[in-house]
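One structure is given here, and the rest of the page talks about it.
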Amino acid sequence: MKKITILIFVVCMAPFSLFAAESGMPLDSAPVNTTDNASLQRGAESFVNYCLTCHGASFMRYNRHRDIGFTNEQILDKLVFTGQKVGDLMQSAMWKKEGEEWFGVVPPDLSVIARSRGADWLYTYLRAFYRDDSTVTGWNNLVFDRAAMPHVLYQLQGEQKLVVKTSDKGEQKTLVLDKQGEMTKAEFDKFVGDLVNYLVYLGEPHANARKELGLTVMAFLLGMLILSYALKREYWKDIH
């Protein structure tokens, strides 16, 4: 049943990903490397500190982070803050009813968000918030216009403002940093890159093992092909 739910979610969200990529700002390339455990660990810590309050990752268990180098003690110390156990699912701390009242929509589960939206979309989106007093939250986004999500990372990035220039080619929208945050642009880009890298891992935690197994199987089949060909020549050498 859970697999069916994930499939329906991915299929339904895919058209929105394409629309955002075509109608919004050009997407930046996300620095994704799911074999970089240090990056994944930093991303996991960022996720539980900034995302898990509102968004769940209900298809992921905390103990799965042992695959990226955490021990059970480190998981409890760095990732579990609500008294849950290592084997529990990563549930949001927010009730759905509260989320709908505060944001007008229930914050989505992020288990497969990278598979539905794409890593480049997420990487660009998280860095494209700007101040907009016309919205309920006071924030808007150049990738996802009038997004219900506020800019939870503004203290790190700072505050950006939208600059619109009109030319013969039409309107050109750019973002300019208006108030400096705790991080420089390079530091914030790296922070978001680690977070997106983790979201990609979150969507398919066993992807690296699957790829490794696939290469092993292909090598085995190639070896069997060579042996089978050698055996065929041995059987047919007297006839040919």
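Along the sequence shown, residues are numbered consecutively beginning with 1. Values in this document were obtained by computation on a predicted structure and should not be read as measured data.
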Flag if over 12 foreign heavy atoms under 6.0 Å of CD, Gln74:
yes
For Ala57 and Leu202, the nearest pair of non-hydrogen atoms, with its separation, is CB-CD2, 3.8 Å
Tightest non-hydrogen contact, residues Ser58 and Ser111, listed as N-OG, 3.3 Å
Heavy-atom closest pair (Val196 atom, Ala30 atom, distance to 0.1 Å) is CG1-CB, 4.2 Å
Q) Under 3.5 Å, is there a donor-acceptor pair between the side chain of Ser46 and the main chain of Leu195? A) no
Next on the checklist: With side chain to side chain contact (heavy atoms under 4.5 Å, CB included) as the criterion, how do Ser167 and Gln172 come out once you've worked through the C-alpha distance, each side chain's angles and the decisive distance to 0.1 Å?
Outcome noted: CA-CA 8 Å; Ser167 65; Gln172 293 181 330; 4.3 Å; yes
Starting from Leu215, can I reach Met218 by hopping between I/L/V/M/F/W/Y residues whose side chains sit under 4.5 Å apart? no
* To do: Please determine if Arg127 forms a cation-pi arrangement with Tyr123, meaning its NZ or CZ atom is less than 6.0 Å from the six-membered ring centre and no more than 45° off the ring axis.
  => yes
I'd like to know if the side chain of Asn141 reaches the main chain of Ala147, judged simply by a donor and an acceptor atom lying under 3.5 Å from each other, with no hydrogens or angles considered.
no
Here the pair of heavy atoms bringing Val200 nearest to Ala119 is CG2-CB, 3.8 Å
Between Asp88 and Arg61 (salt bridge meaning N to carboxylate O under 4.0 Å), is one present in this structure?
no
Sub-3.5 Å donor-acceptor pair from the side chain of Glu187 to the main-chain atoms of Thr184, do we have one? yes
Give a yes or no answer on whether the side chain of Gln84 reaches the backbone of Leu89 with a donor-acceptor pair at less than 3.5 Å. yes
task: Verify, without hydrogens or angle tests, whether Ser92 (side chain) and Cys54 (backbone) share a donor-acceptor contact under 3.5 angstrom.
output: yes
Check: So, does Asp145 use its side chain to make a donor-acceptor pair with the main chain of Asn140 at under 3.5 Å?
Finding: no
### Task
Mind telling me whether Phe144 and Trp121 have parallel, tilted or perpendicular rings, with 30° and 60° as the class edges?
perpendicular
Test item: Asp109 and Phe59 side chains (from C-beta on) under 4.5 Å apart, heavy atoms: yes
task = Without swapping roles, check the side chain of His55 against the backbone of Leu52 for a donor-acceptor pair under 3.5 Å.
result = no
Check your understanding: With no hydrogens and no angle check, do the side chains of Tyr201 and His206 hold a donor and an acceptor under 3.5 Å apart?
Key -> no
Fill in: Verdict with reasoning, Leu142 to Lys173, per side chain to side chain contact (heavy atoms under 4.5 Å, CB included)
CA-CA 8 Å; Leu142 203 53; Lys173 298 180 179 180; 3.9 Å; yes
query = Can any side-chain N or O of Thr53 pair as donor or acceptor with the backbone N or O of Asn49 at less than 3.5 Å?
reply = no
- Message: Is the distance between the ring centroids of Phe191 and Tyr50 under 6.0 Å?
- Response: yes
Quiz item: Between Trp139 and Glu159, does a side chain to side chain contact (heavy atoms under 4.5 Å, CB included) hold up when you go through it step by step?
Solution: CA-CA 10 Å; Trp139 296 98; Glu159 298 183 17; 3.7 Å; yes
For the pair Gln160 and His151, evaluate side chain to side chain donor-acceptor pair (under 3.5 Å) and give the outcome as yes or no after the intermediate values.
CA-CA 11 Å; Gln160 298 185 119; His151 188 18; 5.8 Å; no
Sequence neighbours excluded, the answer for side-chain contact (heavy atoms from CB on, under 4.5 Å) partners of Asp194 is Ser39, Arg42, Lys190
Is there a donor-acceptor pair closer than 3.5 Å between any side-chain N or O of Arg117 and the backbone N or O of Ala114?
no
Problem set entry | Donor-acceptor contact below 3.5 Å, side chain Asn197 vs main chain Gly193 | no
